[in-house]
Amino acid sequence: MIEAAGGELRPANAVAFMRLCSTEQCRVRGEPMNFSGKGLPFGNRLPSADDRQIANQLRRILASQKAGEAKLRVPDPNTKKPVEITLTPTMSDLFLELLRHIGSGHAVTLVPIQQMLTTQQAADLLDMSRPYLIKLIEKGYIPHNMVGRHRRLKSEDVFAYKAARDKIRSKAIDELIADGADLD
């Protein structure tokens, strides 16, 4: 059970949770945990040693909960009474992934799926150069829209391309492993 004092937590808002826990006192299984930091988003700075330690501690606690049974207890801002929220498996996975990156010392930025991306943002998400991404766009592999003279891509299209690319890569690796097993 994770309790956070001082604000409303909506399961769909991971940023609110991280900001709340970085600026307020939270309780984990009834024990107070003081969170340091200035409540700044991790996208423009690297997490401090305290941020990493707390993220790893919170990740271990969430991971120990059964899928779909992780619960957060926060006070209702109107009644001040505790409200219990059960995280869905998807939300638990999102928090775990976010906490894993923060715990590893990586800067983190959340990107809404419907957001339009610049070619540089899309290239960064796909871990490729911008010129290579432009070639993929020109070949029609990733749809785009023109805004004036600038290309914009829907993040859902970028993630769809990434998923398809990863599936092809995974299949190729599996085939290589199978071919290698045949040689033994």
Can you find a heavy atom in the side chain of K162 that is under 4.5 Å from one in the side chain of D127? no
Is the backbone of D166 close enough, under 3.5 Å, to the side chain of S170 for a donor and an acceptor to pair up by distance? no
Answer yes if the side chains of D51 and S48 hold a donor-acceptor pair under 3.5 Å, and no otherwise. yes
Where G105 and R52 come nearest, the two heavy atoms and their spacing: CA-CD, 3.3 Å
Looking at Q115, is its backbone amide N or carbonyl O close enough to the side chain of S155 to form a donor-acceptor pair, meaning the two atoms are under 3.5 Å apart? yes
Can you confirm whether K167 sits close enough to R169 that some side-chain heavy atom of one is under 4.5 Å from a side-chain heavy atom of the other? no
Should F159 and L125 count as side-chain neighbours, where that means a heavy-atom distance under 4.5 Å? yes
For R151, all residues meeting side chain to side chain donor-acceptor pair (under 3.5 Å), sequence neighbours excluded: E138
Starting from the C-alpha separation in whole Å, work towards a yes-or-no answer on salt bridge (charged side-chain N to carboxylate O under 4.0 Å, His left out) for D76 and K80. CA-CA 5 Å; D76 183 297; K80 304 296 183 202; over 6 Å; no
Pairwise distance CG(L72) to OG(S92) - rounded to 0.5 angstrom: 8.0 Å
Ignoring hydrogens and geometry, is there a side-chain-to-backbone donor-acceptor pair from T79 to K81 under 3.5 Å? yes
Output the distance between atom CD1 (I173) and atom CD1 (I168), rounded to the nearest 0.5 Å. 12.5 Å
Closest heavy-atom pair and its distance - A123, L133: N-CD2, 3.6 Å
Could you check whether any side-chain heavy atom of I102 comes within less than 4.5 Å of a side-chain heavy atom of I54, counting everything from C-beta outward? no
Counting C-beta onward and ignoring hydrogens, is there a side-chain heavy-atom pair between N145 and M116 closer than 4.5 Å? yes
Using modelled atom types and a 3.5 Å cut-off, is there a donor and acceptor pairing between side-chain atoms of R130 and backbone atoms of Q121? no
Mind listing the closest non-hydrogen atom pair of V158 and L153 along with its distance? CG2-CB, 3.9 Å
How many angstroms lie between CG in L126 and OG1 in T119, if you round to the nearest 0.5 Å? 11.5 Å
Please report the shortest heavy-atom distance between L96 and A63, naming the atom on each side. CD2-N, 3.7 Å
As a quick check of understanding, evaluate side-chain contact (heavy atoms from CB on, under 4.5 Å) for Y161 and L136, giving each step before the final call. CA-CA 10 Å; Y161 174 82; L136 292 175; 3.4 Å; yes
To the nearest 0.5 angstrom, please state how far the CE atom of M91 sits from the CG atom of L62. 10.5 Å
What's the separation between atom CZ in R100 and atom CG in D93, rounded to the nearest 0.5 Å? 11.5 Å
Tell me the closest heavy-atom pair linking R59 and N56, and the distance in Å. NH2-OD1, 3.1 Å
Taking it one step at a time, do T118 and R152 satisfy side-chain contact (heavy atoms from CB on, under 4.5 Å)? CA-CA 5 Å; T118 66; R152 295 291 183 260; 3.8 Å; yes
Please name the pair of heavy atoms, one in A107 and one in P47, separated by the smallest distance, quoted to 0.1 Å. N-CD, 4.1 Å
Could you go step by step and tell me if K171 and E175 meet the side-chain contact (heavy atoms from CB on, under 4.5 Å) rule? CA-CA 6 Å; K171 184 179 176 184; E175 289 174 2; 3.4 Å; yes
For D124 and Q120, what are the C-alpha separation, side-chain angles and deciding distance, and is it a side-chain contact (heavy atoms from CB on, under 4.5 Å)? CA-CA 6 Å; D124 291 343; Q120 187 60 59; 2.9 Å; yes
Hey, could you give me the CZ/CG distance between R60 and L99, rounded to the nearest 0.5 Å? 11.0 Å
